[in-house]
Amino acid sequence: MLSFDIRSLEEQAATVAGALDATDPVWIEGDMLPEGAVHASGRLSVAGPGRYYWSGAIRGTSTVPCRRCLTSTEVSVAENVHVLYAEAGDEIDDPEIYVLEPRARTIDLRSAVREQWLLAVPRFPVCREDCKGLCPTCGAELNAAPCECPPAVDARWAELRAVRGADD
């Protein structure tokens, strides 16, 4: 469950134990979606008049392209989160504070879980540390086999090669 009644929080902190499914409408086009669901846990409590604090963690997996060879790579995400909610009307200029609608009766953690997930999922993972990537000339995957392209020669270094060749 990722939605909490504010009145019940006044009496006692709530335990957060829920999941944000990859098909939930909170996700927008272009988001790095999880494979299944993003699991959220922790504690939601009052942090002062009109303020609420969620301290917990999110975890899940996602499949993203390797930054070197573009093969699909599964990555695990586990991140601690600390989120502050405040009622509208307070002078809130901090973009890290989630603003609650005036007279809100519930706190919905879904948008915070989504944002924390997007910040935590690695954008440029590698499939393995020794990934050789793709050939810049022919595009062959160099992990499978070396390509047949001749080595690239940078003409800007021709003068230095000439000097070096004269000394040999």
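The figures here come from the full heavy-atom set of this structure, side chains too, leaving out hydrogens, waters and symmetry mates. Since the model is a prediction, treat every value here as computed from it, not as a measurement.
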Step-by-step side chain to side chain contact (heavy atoms under 4.5 Å, CB included) determination, R110 to W27: CA-CA 9 Å; R110 294 178 314 143; W27 300 103; over 6 Å; no
If you take all heavy atoms of [X] and [Y], which pair is closest and at what distance?
{"X": "V113", "Y": "A40", "answer": "CG2-CB, 4.0 Å"}
{"X": "S62", "Y": "L33", "answer": "OG-O, 2.9 Å"}
{"X": "D24", "Y": "V26", "answer": "OD1-N, 2.9 Å"}
{"X": "T61", "Y": "S76", "answer": "CG2-OG, 3.8 Å"}
{"X": "Y98", "Y": "A112", "answer": "OH-CA, 3.5 Å"}

Side-chain touch [X]/[Y], heavy atoms, less than 4.5 angstrom:
{"X": "F4", "Y": "V16", "value": "yes"}
{"X": "P34", "Y": "D21", "value": "no"}
{"X": "Y53", "Y": "R43", "value": "no"}
{"X": "L142", "Y": "R68", "value": "no"}
{"X": "Y85", "Y": "V83", "value": "yes"}

Supply the atom-to-atom distance [X] [atom1] to [Y] [atom2], rounded to the nearest 0.5 angstrom.
{"X": "M32", "Y": "T63", "atom1": "CE", "atom2": "OG1", "value": "10.5 Å"}
{"X": "C66", "Y": "E141", "atom1": "SG", "atom2": "CD", "value": "8.5 Å"}
{"X": "S41", "Y": "R59", "atom1": "OG", "atom2": "CZ", "value": "6.5 Å"}
{"X": "T106", "Y": "L2", "atom1": "OG1", "atom2": "CG", "value": "12.0 Å"}
{"X": "C135", "Y": "E148", "atom1": "SG", "atom2": "CD", "value": "10.5 Å"}
{"X": "R114", "Y": "L119", "atom1": "CZ", "atom2": "CG", "value": "9.5 Å"}

Working for side chain to side chain contact (heavy atoms under 4.5 Å, CB included), residues I6 and R105: CA-CA 5 Å; I6 290 176; R105 294 181 182 222; 5.8 Å; no
Heavy-atom neighbours of E159 CD exceed 12 at 6.0 Å: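 Open.
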Flag, side chain of D108 to backbone of S3, donor-acceptor distance under 3.5 Å: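 Such a contact is absent between D108 side chain and S3 backbone.
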Same apolar cluster (I L V M F W Y, side chains within < 4.5 Å links), V75/V81: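 Yes, V75 connects to V81 through the hydrophobic network.
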Pair Y52-L100, side chain to side chain contact (heavy atoms under 4.5 Å, CB included): steps then yes or no: CA-CA 10 Å; Y52 306 90; L100 297 173; 3.8 Å; yes
Option passing side-chain contact (heavy atoms from CB on, under 4.5 Å) with Q116 (candidates I58, L109, V121):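 Single side-chain contact (heavy atoms from CB on, under 4.5 Å) partner of Q116 among I58, L109, V121: I58.
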Steps toward side chain to side chain contact (heavy atoms under 4.5 Å, CB included) verdict (N143, T71): CA-CA 11 Å; N143 293 321; T71 57; over 6 Å; no
